[in-house]
Amino acid sequence: MSFSFTDPKPNNEPSFSFTGPNPEEVEEQLQAIADMAHEILRLIAKVRSQINS
């Protein structure tokens, strides 16, 4: 298994490559983590707006 970062893309987003037994499964796990992070941030914003109002 290897994990490596490459040069940043034009939009300043770093790109990376992952090679292992099942890259598709890893991609699905990363997407699930990203989805959870977005939901957490949405909930934090909701709580902050309730506190500030």
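- Hydrophobic cluster membership for I33: M36 (Ile, Leu, Val, Met, Phe, Trp, Tyr linked by side-chain heavy atoms under 4.5 Å, directly or transitively).
- With sequence neighbours left out, the side chain to side chain donor-acceptor pair (under 3.5 Å) criterion links R48 to no other residue.
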Report all side-chain donor-acceptor pairs from residues 37-46 shorter than 3.5 Å, counting only partners two or more places apart or in another chain.
from : atom 1 : to  : atom 2 : distance (Å)
E39  : OE1    : R42 : NE     : 3.1
E39  : OE2    : R42 : NH2    : 2.8

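- A search for side chain to side chain donor-acceptor pair (under 3.5 Å) contacts involving Q50 returns nothing, not counting sequence neighbours.
- Under the rule for a side chain to side chain donor-acceptor pair (under 3.5 Å), N52 has no partner lying at least two apart in sequence or in another chain.
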